[in-house]
Amino acid sequence: MGFWKKLLCCSLLTSLASGISLTAAAADMSTLDRNRPGSIHLTLNDAENLPVTGGTICLYDVAALSIADETPTFTETEAFCSFSADWDTIDADLAQDLAIYVETQQIQGTLAAIEVDGTVFFDQLELGIYLIVQAEESDTYEAITPFLVTVPMEEDGEWTYEIDAAPKVGIVTSSNTDTEDPTEPEESSGTQPPSTSSTPGTSDMSSTPSDLSSPSSPSSPTLPQTGQLNWPIPVLAVADILLFAFGWLMRRERTEV
């Protein structure tokens, strides 16, 4: 398969995965700017055309576009040199195989976070083939299907260096955070009040009796003062009895004499 068919096949694969509309017209090779950097701009929207936020997209530089003797070819990059690829057959299966390869080989790509408007942007890209994989899923959405993008692409017989793609976003997952979030607050709210109320309640109740008893302690010094006024009474009473008895005995002796 010639270069034009290869590039057109890869371009058609990209259009199927990302929603780009292409024609079969071939661009003029002489107009290809080999030194011009390219870019890939992704837009992720759901079925209601709302931006899909959260998660990350990883870009892998799979093959470089090289031209020898006016014959363009794709050459695997160093990270993919051990990957056996038939670039004459560029399809969804190849993208899936490459996605498995980067995971098993733990190949490092270029990560970019999905912005709040659902967009991701990669720039200053050399000409070649790139694999796009969603590294981290967006909230409540499944990861997009891995796909390949060529930089540049043929569009209406012209070279396009700035690639705009809108990959299909997976359906809302069954285990979305809308069902998990209400559960967590219930557990946390149900757990916190008992622990929070019991601890302060215990300390407050334990401190309250001590606080109530301490005001009564000032009356304690008052009771001893009252006792100090009453304690001589028994002594005086006994002394009176003894004096009375002594006087009675003295009077009796006088009477007998």
Side-chain angles (χ1 to χ4, degrees), residues 7-25 37-62 90-103 107-125 129-190:
L7 190 56
L8 180 59
C9 181
C10 188
S11 300
L12 290 175
L13 173 63
T14 303
S15 66
L16 291 176
S18 59
I20 299 175
S21 178
L22 300 177
T23 64
S39 64
I40 299 176
H41 182 266
L42 304 180
T43 302
L44 285 74
N45 291 331
D46 61 13
E48 298 180 355
N49 204 30
L50 296 176
V52 176
T53 62
T56 56
I57 300 294
C58 193
L59 182 72
Y60 298 92
D61 187 0
V62 177
I90 303 175
D91 54 14
D93 291 336
L94 177 59
Q96 188 62 40
D97 291 341
L98 286 168
I100 296 174
Y101 179 81
V102 297
E103 182 177 0
I107 298 176
Q108 300 296 322
T110 303
L111 276 175
I114 302 175
E115 302 295 338
V116 293
D117 58 352
T119 61
V120 182
F121 188 72
F122 299 96
D123 61 352
Q124 299 299 315
L125 302 178
I129 299 178
Y130 292 88
L131 173 68
I132 295 178
V133 178
Q134 186 163 2
E136 181 182 353
E137 294 182 5
S138 304
D139 295 339
T140 74
Y141 291 93
E142 294 179 350
I144 62 175
T145 302
F147 63 97
L148 295 168
V149 175
T150 59
V151 179
M153 291 180 60
E154 290 183 71
E155 186 174 4
D156 297 331
E158 300 291 337
W159 295 113
T160 301
Y161 300 86
E162 291 75 29
I163 312 301
D164 292 323
K168 297 179 180 179
V169 179
I171 60 175
V172 178
T173 60
S174 57
S175 59
N176 55 50
T177 55
D178 291 340
T179 56
E180 294 177 357
D181 289 343
T183 305
E184 293 180 357
E186 287 178 2
E187 293 177 357
S188 59
S189 61

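Quick caveat: nothing in here was measured; it's all calculated off a predicted structure. The chain is numbered in sequence order, starting from 1.
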Find the distance between CE (M153) and OH (Y161) and round it off to the nearest 0.5 Å.
13.5 Å
Output for pair (T160 OG1, E154 CD), nearest 0.5 Å, gives 9.5 Å
Taking all atoms of both residues into account, what is the closest heavy-atom pair of T56 and A113, and its distance?
CG2-CA, 4.1 Å
With rounding to the nearest 0.5 Å, note down the distance linking CG in L59 to CZ in F121.
11.5 Å
Decide yes or no for I144 and I57: does some side-chain heavy atom of the first lie under 4.5 Å from some side-chain heavy atom of the second?
yes
Side chains of C58 and L111: closer than 4.5 Å at any heavy-atom pair?
yes
Considering non-hydrogen atoms only, spot the tightest contact between L42 and P167 and give its length.
CD2-CD, 4.4 Å
Atom of I114, atom of V52 and distance for their closest heavy-atom approach:
CG2-O, 3.3 Å
Could you tell me whether the side chain of Y130 reaches within less than 4.5 Å of the side chain of D61, counting heavy atoms only?
yes
With the side chain counted from C-beta on, respond yes when V151 and I40 share a heavy-atom pair under 4.5 Å apart, and no when they do not.
yes
Using a 6.0 Å cut-off, check whether atom CD of E103 has over 12 heavy atoms from anything other than its own residue.
no
Please report the closest heavy-atom contact between A99 and V133, naming both atoms and the distance.
CB-CG2, 4.2 Å
T150 side-chain N/O to P152 backbone N/O, donor-acceptor pair under 3.5 Å
yes
Distance-only, no hydrogens or angles: does the D91 side chain make a donor-acceptor pair with backbone N or O of D93 under 3.5 Å?
yes
Hey, are the side chains of N45 and P51 touching, using non-hydrogen atoms and a 4.5 Å cut-off?
yes
CG of L50 to CG of L44: how many Å apart, nearest 0.5 Å?
13.0 Å
Indicate yes or no: at least one non-hydrogen side-chain atom of V120 is less than 4.5 angstrom from one of I132.
no
S138 side-chain N/O to G54 backbone N/O, donor-acceptor pair under 3.5 Å
yes
I need the minimum non-hydrogen distance between Q96 and P146, along with the two atoms involved.
OE1-CD, 4.0 Å
Minimum heavy-atom distance between E142 and Q134, given as atom pair plus value
O-OE1, 4.2 Å
So, taking the atom named OH in Y60 and the one named OG1 in T110, what distance separates them when rounded to the nearest 0.5 Å?
9.5 Å
